[in-house]
> 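The structure follows.
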Amino acid sequence: MNSFLSKDGTKIVYDKVGQGPALILVAGAFSYRKFPGMVKLAKLLSEHFTVYNYDRRGRGNSGDTECYDTAREIEDLQAMIAEAGGAASVWGLSSGAVLALQAAAKGVMMTKLALHEPPFVVDAADRKPPEDFLRHVTELIAADRRAEAITYFMTKGMGAPSFVVGMMRMMPGVWSKLMAVAHTLPYDAALLDGFMDGKALPSRLWSNVKVPTLVLEGTESPAGLRHGAQALARVLPNAQLVSKKGLGHTKKLNAKFICSELTTFFAG
């Protein structure tokens with residue numbers, strides 16, 4: 001376990017494995033550096049890269065501050081790149097992809113960027129979260145109603161059937177891990193606020209993100225996720241889209257498939 005201090009003094013913890021060019025992994029909602037899928041992916045990628053797998057603030061062993069601001073998470077990623085030697089490629093999953101994209105737009109220097117199924121909702125016909133999604137998630141956490149926040153985020157935000165949440169409650173060790181990071185759900189909701197309302201992505205919003213970018217989507221993923229990935233690939237000035245079965249993330253990460261695509265892109 002390694003650590004550094006972000007710009008605001010928050011301690012950020014990470015694991016470092018492998019040898020080669022630096023590659024930073026940015027997890028999505030509910031995930032952290034010891035999440036089994038992240039650990040497996042880091043191990044596979046370590047055959048080709050020096051992999052930095054970090055706990056986003058508020059998760060795992062990383063610290064946090066009382067008032068959340070997405071700018072602080074961007075600073076964390078920038079500091080992680082500095083810790084990796086000042087030059088690194090970045091892979092972001094789901095809301096982590098949105099964080100990585102926002103960081104690139106703010107001028108955080110990356111060698112290459114991979115954005116894996118950012119949960120943008122760009123089609124009015126696709127399922128959308130409630131308009132007060134961010135506010136309600138934040139209120140539930142403020143009231144320390146973590147279990148309700150998890151259920152609400154999964155069903156209303158991610159579109160998971162309610163029985164899936166019930167199954168997770170019964171799976172040994174799973175629910176406790178979700179409860180441990182539930183207080184960070186407003187962070188993910190804040191990153192996505194304004195991008196899940198069924199409207200087209202602004203064509204010029206990320207026009208300055210000219211780093212070579214790979215957008216990944218699984219052909220087995222829900223239509224809304226696929227539409228979001230496809231739309232993002234169209235608006236970014238230097239992006240390519242890869243659509244393949246096995247790249248979906250809503251059920252379980254297929255680390256082997258993901259590693260194959262990332263190795264081809266980052267090592268190319």
Side-chain angles (χ1 to χ4, degrees), residues 14-18 23-56 59-60 77 80 89-101 112-120 150 153-154 157-161 164-165 167-168 171-178 180-182 184-185 187-188 191-192 213-226 228-230 232-233 241-267:
Y14 68 94
D15 291 329
K16 176 183 176 182
V17 292
L23 172 57
I24 296 171
L25 309 183
V26 187
F30 295 109
S31 193
Y32 51 99
R33 81 180 202 286
K34 293 300 185 182
F35 187 81
M38 296 293 290
V39 173
K40 186 174 182 179
L41 179 60
K43 182 178 180 180
L44 290 173
L45 289 167
S46 70
E47 297 180 11
H48 307 278
F49 309 97
T50 301
V51 182
Y52 296 82
N53 183 18
Y54 78 101
D55 282 330
R56 286 171 53 189
R59 309 179 191 205
L77 180 51
M80 183 73 260
S89 294
V90 176
W91 169 81
L93 174 67
S94 195
S95 62
V98 182
L99 171 57
L101 175 60
K112 288 185 177 181
L113 174 62
L115 304 173
H116 196 157
E117 293 194 328
F120 296 138
I150 293 170
F153 195 96
M154 285 188 169
M158 300 169 64
V164 171
V165 181
M167 290 174 59
M168 287 182 170
M171 295 171 67
V174 172
W175 192 253
S176 61
K177 289 182 173 64
L178 296 178
V181 296
T184 64
L185 292 177
Y187 304 177
D188 297 288
L191 281 164
L192 293 165
T213 301
L214 177 70
V215 181
L216 297 171
E217 63 155 339
T219 56
E220 73 277 22
S221 293
L225 268 181
R226 300 196 64 197
Q230 293 160 12
L232 180 60
L241 176 71
V242 170
S243 304
K244 287 186 179 180
K245 186 176 181 180
L247 294 178
H249 82 281
T250 57
K251 294 182 180 179
K252 185 177 180 180
L253 286 183
N254 190 322
K256 184 177 180 180
F257 277 36
I258 298 168
C259 177
S260 177
E261 296 301 327
L262 295 183
T263 300
T264 298
F265 175 66
F266 287 132

> Tell me, with the steps shown, if T264 and L214 meet side chain to side chain contact (heavy atoms under 4.5 Å, CB included).
CA-CA 11 Å; T264 298; L214 177 70; over 6 Å; no
> Side chains of F35 and K177, heavy atoms from C-beta outward: is any pair under 4.5 Å?
no
> Which pair of heavy atoms, one from A100 and one from L77, lies closest together, and at what distance?
CA-CD2, 4.0 Å
> Within 45° of the six-membered ring axis of F265 and under 6.0 Å from that ring's centre, is NZ or CZ of K112 located there?
yes
> Please answer whether the main-chain N or O of S31 pairs with a side-chain N or O of R59 as donor and acceptor at a distance below 3.5 Å.
yes
> As an exercise, state the distance from CG of D55 to CE of M80, rounded to the nearest 0.5 Å.
11.0 Å
> Would a 4.5 Å heavy-atom cut-off, applied to side chains only, mark F153 and I150 as touching?
no
> About how many Å separate OG1 of T213 and CG of L232, when rounded to the nearest 0.5 Å?
8.0 Å
> Quick one: CG on L113 to CD1 on I24, what's the gap to the nearest 0.5 Å?
11.0 Å
> Identify the two heavy atoms, one from P119 and one from L192, that lie closest to each other, and give their separation to 0.1 Å.
CG-CD2, 3.5 Å
> I need the T184 OG1 to F30 CZ distance, nearest 0.5 Å.
8.0 Å
> Do you know which two heavy atoms are closest between R226 and S243, and how far apart they sit?
NH2-CB, 4.1 Å
> What distance do S94 atom OG and D188 atom CG have between them, rounded to the nearest 0.5 Å?
7.5 Å
> Which atom names give the shortest non-hydrogen contact between A229 and L241, and what distance separates them?
O-CD1, 4.1 Å
> Do N53 and V17 have side chains that approach each other closer than 4.5 Å (heavy atoms only, starting at C-beta)?
no
> Can you see which heavy atom on L23 is nearest to which on V90, and at what distance?
CD1-N, 4.1 Å
> With a cut-off of 3.5 Å and sequence neighbours excluded, list every side-chain donor-acceptor pair involving residues 37-51.
| from | atom 1 | to | atom 2 | distance (Å) |
| --- | --- | --- | --- | --- |
| S46 | OG | K43 | O | 2.5 |
| T50 | OG1 | G20 | N | 3.1 |
| T50 | OG1 | G20 | O | 2.9 |

> May I have the step-by-step check of salt bridge (Lys or Arg N to Asp or Glu O under 4.0 Å) for K34 and D15, ending in yes or no?
CA-CA 9 Å; K34 293 300 185 182; D15 291 329; 3.1 Å; yes
> Within the 4.5 Å heavy-atom criterion, are R33 and Y54 side-chain neighbours or not?
no
> Are the side chains of S95 and R56 in touch, meaning some heavy atoms are under 4.5 Å apart?
yes
> With heavy-atom distances below 4.5 Å as the criterion, would you say the side chains of K244 and F257 are in contact?
no
> Please check if the side chain of E220 supplies one atom and the backbone of G246 the other of a donor-acceptor pair under 3.5 Å.
yes
> Could you check if a side-chain atom of L101 sits within less than 4.5 angstrom of a side-chain atom of P118, using non-hydrogen atoms only?
no
> Please check: side-chain N/O of E261 versus main-chain N/O of V242, any donor-acceptor pairing under 3.5 Å?
no
> Any side-chain heavy-atom pair from L225 and E217 closer than 4.5 angstrom?
no
> Between H116 (side chain) and L247 (backbone), is there a donor-acceptor pair under 3.5 Å?
yes
